[in-house]
Amino acid sequence: MVDEQNWNQEQERLDMVTEKLKERIAELEPEVSGLQNQAGDIRKRFWEEVTVNTSTDEDFEETFYSIRQQEALLSERERSLRLRMQQWKSMNRLLDSPYFGRIDFHEDGLDNSEQIYIGVSSFVDSDGLNFLIYDWRTPIASMYYDYSPGPAAYDTPGGPVSGKMELKRQYQIRNGQLQNVFDTSLTIGDELLQQVLGKGADSQMKTIVATIQKEQNTIIRDDKSRMLIVQGAAGSGKTSAALQRVAYLLYKHRERLKADQIVLFSPNPMFNSYVSTVLPELGEENMQQTTFQEYLEHGLGTAMQIEDPFDQIEYVLTEQTTRPYEARLNGIEYKASPLFLQALQHYAVWLGEKGMRFKSIRFRDRDIITVEQMEVQFYSYDRSIRLANRVAMLQEWLLKELRQLERKERAELWVQEELQYLDKEQYDAVHKELHKERGVFDFAEQYEQVQEYVQNKRRRDEADFDYAEQEEDLLRRMIVKEQFKPLRRSIRRMMYIDMVGLYAQLFEDKVTYMQMTNAPDVPELWLDICKQTKEKLGSLQLFYEDATPFLYLKELVEGMRTNTEVRHIFIDEGQDYSMFQYEFLKKLFPYARMTVLGDFGQAIFTQATELDGVDSPLIQLYGESDTRLIRLVRSYRSTREIVDFTRALLPSGKEIVPFNRGGMKPMLVKLGSKEEVSVRLAQELAALRAEGFSSLAVITKTAAESSEAYELLTKQGEQSIRLITKQTPTFEEGAVVIPAYLAKGVEFDAVLIYDASAYDRESERKLFYTACTRAMHRLQLYTTGKSMPFVQDLDESLYEVSE
């Protein structure tokens with residue numbers, strides 16, 4: 001804490017800044033209101049101010065420029081409104097707590113040092129020259145996070161600036177009043193962190209700009225790496241740092257980078273709501289947020305039903321170790337590997353020579369273009385042409401054939417029969433079309449039909465024109481055109497390709513597969529994998545592990561649908577993505593930089609990718625020269641006692657460093673039955689609420705176990721507790737029952753592990769670790785007396801026992 005004199009000086013300055021903020025807000029309010037009214041008036045009177053006249057070329061040109069002028073005026077008013085509104089919101093955000101840090105910096109070569117106050121956005125005095133507050137993202141503010149008092153430097157577009165930091169000070173301000181002031185020699189003083197981390201968990205993640213650590217600042221300000229990998233222990237702040245990184249990128253590149261050019265792949269939809277307030281708190285728009293599952297469903301449409309990753313992990317956690325189970329695990333691992341991706345690439349080359357699968361074009365229960373016709377046409381094209389380009393050429397041929405077949409179809413008997421059932425409106429429409437001097441129907445883009453129209457117009461102009469005959473001809477065209485419309489649509493959507501057949505063809509037998517894909521070998525249980533995969537495909541369903549390969553093969557055949565607008569993609573829980581999925585994302589977003597956040601200690605999915613190992617293929621995705629790996633080893637979320645317990649669960653846990661925030665040791669509670677567990681859980685939830693904890697989680701191993709725990713707790717009178725499932729859209733404060741795999745990335749004041757003995761296989765160690773690391777202040781584990789290998793192997797001094 002600072003002395004009284006310094007405190008009073010700081011409060012005086014704070015009062016001065018607060019007063020100037022209020023003055024600036026008062027100035028902006030009428031400007032914002034006035035611009036809103038102006039923009040609204042221009043929108044309302046837009047066409048009143050424009051004279052529309054297209055009688056002559058000159059009139060048309062005058063009308064065009066009149067519209068452009070009015071449009072430019074409206075755009076200018078709306079730009080001014082956005083700028084003023086942004087300033088107004090920024091000032092209001094600062095009003096409660098204008099700044100959180102200060103450094104006094106004496107630049108080399110200058111006589112005096114400068115006092116630099118740092119907040120969530122910049123605020124300049126009325127003279128436009130004196131910065132009262134610097135935005136935390138400015139280059140000069142980086143010193144606050146990276147240096148202790150002493151020699152310091154920061155980068156600018158003109159080069160590095162060096163000097164001496166003479167003071168570093170931290171503030172806690174509420175409602176314009178100083179709460180605490182710290183002078184520190186550290187990046188962020190332990191006093192401030194202790195207070196921030198000692199608070200309860202929230203239903204939404206908050207900004208951490210006031211407590212960013214040096215290693216987190218490195219993540220935030222990295223602007224050169226094509227691939228940035230952040231391997232961080234549970235609770236190390238990797239997700240928070242990533243969101244501040246988004247804010248930093250939007251600030252630094254605000255002239256050319258927009259929020260919708262950044263995509264965050266979240267672990268589940270609930271997580272999206274959990275992080276949705278961070279960027280708006282910093283005055284930035286939210287980036288695009290999705291899950292990989294949502295992207296797969298968008299790419300494959302409704303034709304195939306895709307298993308989601310949570311159903312996959314439920315299968316892995318609940319099925320017994322039978323041969324089908326082992327084969328499924330075998331298949332998950334192989335289909336997620338770079339080997340399978342290479343196999344599909346070779347398969348696409350093989351398809352260029354033979355083996356393409358098509359579906360006939362059927363009309364009124366008959367094939368009008370057969371599979372054999374398509375195969376002959378497809379393989380008549382030059383083999384040097386890329387597969388996807390030949391598929392596009394075949395599409396053009398099919399549309400041309402369809403036009404010819406449509407003309408022939410008009411003479412069929414069924415068309416005559418359909419004529420008998422047309423209503424009066426259809427006849428009237430055709431009659432009007434006959435008497436128009438311009439196009440008979442909307443076929444201008446089709447050359448053959450345009451020619452027909454020209455011939456018919458000549459006949460119409462002749463004196464002996466037979467209107468009845470021509471009317472019937474038009475009606476026949478209308479009927480057949482309407483009936484052929486779905487066929488044209490299906491061809492444009494490339495539904496003539498038998499994608500299910502093409503993918504199933506891979507799983508015939510070992511020899512054929514190796515010939516088609518040039519694969520050196522196949523998994524041990526290949527025949528079982530083939531059987532499982534084809535059974536699923538037969539019902540138009542895909543295992544989760546098949547969804548990305550299926551979509552990738554579809555793109556190889558039909559053409560890659562790349563997104564060239566997106567410039568940054570962020571992947572949270574990156575260890576749960578396969579290398580196949582990373583390769584796919586790289587191709588999908590060819591101009592994007594990638595930020596991957598994860599913790600291999602929480603790699604609970606079978607297809608997990610090693611993020612930072614010596615042999616990690618992820619590091620090779622863009623090459624070592626374009627890749628940067630940052631490790632975060634300090635855990636801030638949990639108390640020292642909880643971190644000591646959880647890090648002992650992992651072989652590599654010794655690397656994790658707990659933040660020095662004390663609390664109670666984890667408690668192991670041994671009871672006789674699930675009913676006794678539910679009674680004790682209800683009692684503990686009530687006691688925790690009485691202590692002031694509001695975010696509480698009963699964490700289970702599976703969804704079925706969650707339903708069981710929820711039912712037992714509601715019988716104990718826990719009516720306010722919520723059951724979280726994979727469909728839960730938002731994360732809300734209160735008590736919840738949740739499977740461990742859905743709790744990833746989220747934190748709670750207290751965690752109660754429903755059945756610690758349920759985690760009894762080595763493959764479930766990381767899931768157990770994930771569940772335990774959700775706790776900030778309290779961790780309790782319940783068991784009904786069964787074996788608990790992960791707990792029993794620990795030093796007994798790490799936890800307490802209650803019976």
Side-chain angles (χ1 to χ4, degrees), residues 314 317-321 638 641-642 644-646 648-649 663-691 693 695-725 734-743 748-775 777-803:
E314 282 285 336
L317 293 173
T318 57
E319 294 298 314
Q320 299 300 315
T321 313
S638 308
E641 288 77 8
I642 293 175
D644 285 340
F645 175 86
T646 55
L649 296 171
M664 296 174 62
K665 288 183 180 180
M667 177 73 72
L668 177 61
V669 182
K670 296 181 178 180
L671 298 169
S673 67
K674 289 290 181 70
E675 286 70 23
E676 288 183 31
V677 169
S678 66
V679 171
R680 185 69 174 269
L681 280 172
Q683 293 171 349
E684 289 296 338
L685 289 170
L688 289 165
R689 289 190 186 101
E691 285 189 60
F693 295 125
S695 177
L696 311 171
V698 176
I699 298 186
T700 66
K701 176 180 166 182
T702 65
E705 202 176 64
S706 280
S707 297
E708 175 187 275
Y710 177 73
E711 185 177 343
L712 287 171
L713 283 168
T714 52
K715 286 180 180 178
Q716 296 298 327
E718 273 290 336
Q719 299 303 317
S720 63
I721 199 164
R722 297 173 63 233
L723 176 63
I724 302 297
T725 69
V736 300
V737 180
I738 184 171
Y741 54 80
L742 286 180
F748 303 92
D749 291 332
V751 165
L752 312 176
I753 303 296
Y754 176 66
D755 185 2
S757 59
Y759 308 82
D760 55 4
R761 290 186 286 181
E762 184 59 33
S763 60
E764 295 164 359
R765 177 184 292 275
K766 291 179 178 178
L767 184 66
F768 185 62
Y769 169 79
T770 300
C772 294
T773 54
R774 301 307 93 201
H777 308 294
R778 298 287 175 80
L779 173 62
Q780 295 185 3
L781 305 96
Y782 292 79
T783 178
T784 54
K786 297 178 183 177
S787 173
M788 296 176 296
F790 306 137
V791 178
Q792 290 165 356
D793 291 343
L794 301 182
D795 186 329
E796 292 182 0
S797 66
L798 294 175
Y799 59 94
E800 295 180 353
V801 179
S802 173
E803 297 187 12

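This structure is a prediction, so every number in the text was calculated from the model and none was measured.
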Exercise. What is the distance from atom NZ of K665 to atom CG of L779, rounded to the nearest 0.5 Å?
Worked result: 13.5 Å

Exercise. Under the side chain to side chain contact (heavy atoms under 4.5 Å, CB included) criterion, do L688 and L752 qualify, and how do the steps go?
Worked result: CA-CA 11 Å; L688 289 165; L752 312 176; 4.2 Å; yes

Problem set entry | Nearest-0.5 Å distance, OH of residue Y782 to CD1 of residue I753 | 10.5 Å

Problem set entry | Positive for side chain to side chain contact (heavy atoms under 4.5 Å, CB included) with I724, one of V736, I699, T700, V698 | V736

Problem set entry | Value rounded to 0.5 Å, distance of CG in L713 from CD in Q719 | 10.5 Å

Exercise. Hey, mind stepping through F748 and L696 against side chain to side chain contact (heavy atoms under 4.5 Å, CB included) and telling me if it holds?
Worked result: CA-CA 6 Å; F748 303 92; L696 311 171; over 6 Å; no

For this session: Please answer whether the main-chain N or O of K674 pairs with a side-chain N or O of T784 as donor and acceptor at a distance below 3.5 Å.
Result: no

For this session: For F790 and R761, work out which heavy atoms get closest and say how close.
Result: CZ-O, 3.1 Å

Problem set entry | Shortest non-hydrogen contact between Y754 and L712, atoms and distance | OH-CD1, 3.3 Å

Exercise. Does atom CD of E711 have more than 12 heavy-atom neighbours from other groups under 6.0 Å away?
Worked result: no

Problem set entry | Y710 and its side chain to side chain contact (heavy atoms under 4.5 Å, CB included) partner, picked from I738, I721, T725 | I721

Problem set entry | Closest contact, heavy atoms only, D760 versus P789 | CA-CG, 4.0 Å

Exercise. Would a 4.5 Å heavy-atom cut-off, applied to side chains only, mark R778 and M664 as touching?
Worked result: yes

Exercise. Is atom CD of E796 surrounded by more than 12 heavy atoms (other residues, nucleotides or ligands) closer than 6.0 Å?
Worked result: no

Exercise. At what distance, to the nearest 0.5 angstrom, does OG1 of T770 lie from CG of L742?
Worked result: 12.0 Å

Seminar exercise, completed: Smallest heavy-atom separation, S638 atom then A775 atom, equals OG-O, 2.5 Å

For this session: Give a yes or no on whether the backbone of L668 and the side-chain of Q780 come within a donor-acceptor separation of less than 3.5 Å.
Result: no

For this session: Drop me the distance from E314's CD to E705's CD, to the nearest 0.5 angstrom.
Result: 9.5 Å

Exercise. Any sub-3.5 Å donor-acceptor pair from R765's side-chain atoms to L649's backbone N or O?
Worked result: yes

For this session: Please determine if R689 and E718 form a salt bridge, counting it only when a charged side-chain N lies under 4.0 Å from a carboxylate O.
Result: yes

Exercise. Can you check whether D755 reaches K701 side chain to side chain, under 4.5 Å on heavy atoms?
Worked result: no

Exercise. Would a distance-only check, ignoring hydrogens and angles, find a side-chain to backbone donor-acceptor pair under 3.5 Å from E684 to R680?
Worked result: no

Exercise. Which heavy atom of M788 sits nearest a heavy atom of A756, and at what distance?
Worked result: SD-CB, 3.8 Å

For this session: Measure the acute angle between the ring planes of Y759 and F768, then classify it against the limits of 30° and 60° as parallel, tilted or perpendicular.
Result: tilted

Seminar exercise, completed: Taking every heavy atom of L767 against every heavy atom of A740, the minimum-distance pair comes out as CD1-CB, 3.7 Å

Exercise. Going through the checks in order, is the side chain to side chain contact (heavy atoms under 4.5 Å, CB included) test met by C772 and I642?
Worked result: CA-CA 8 Å; C772 294; I642 293 175; over 6 Å; no

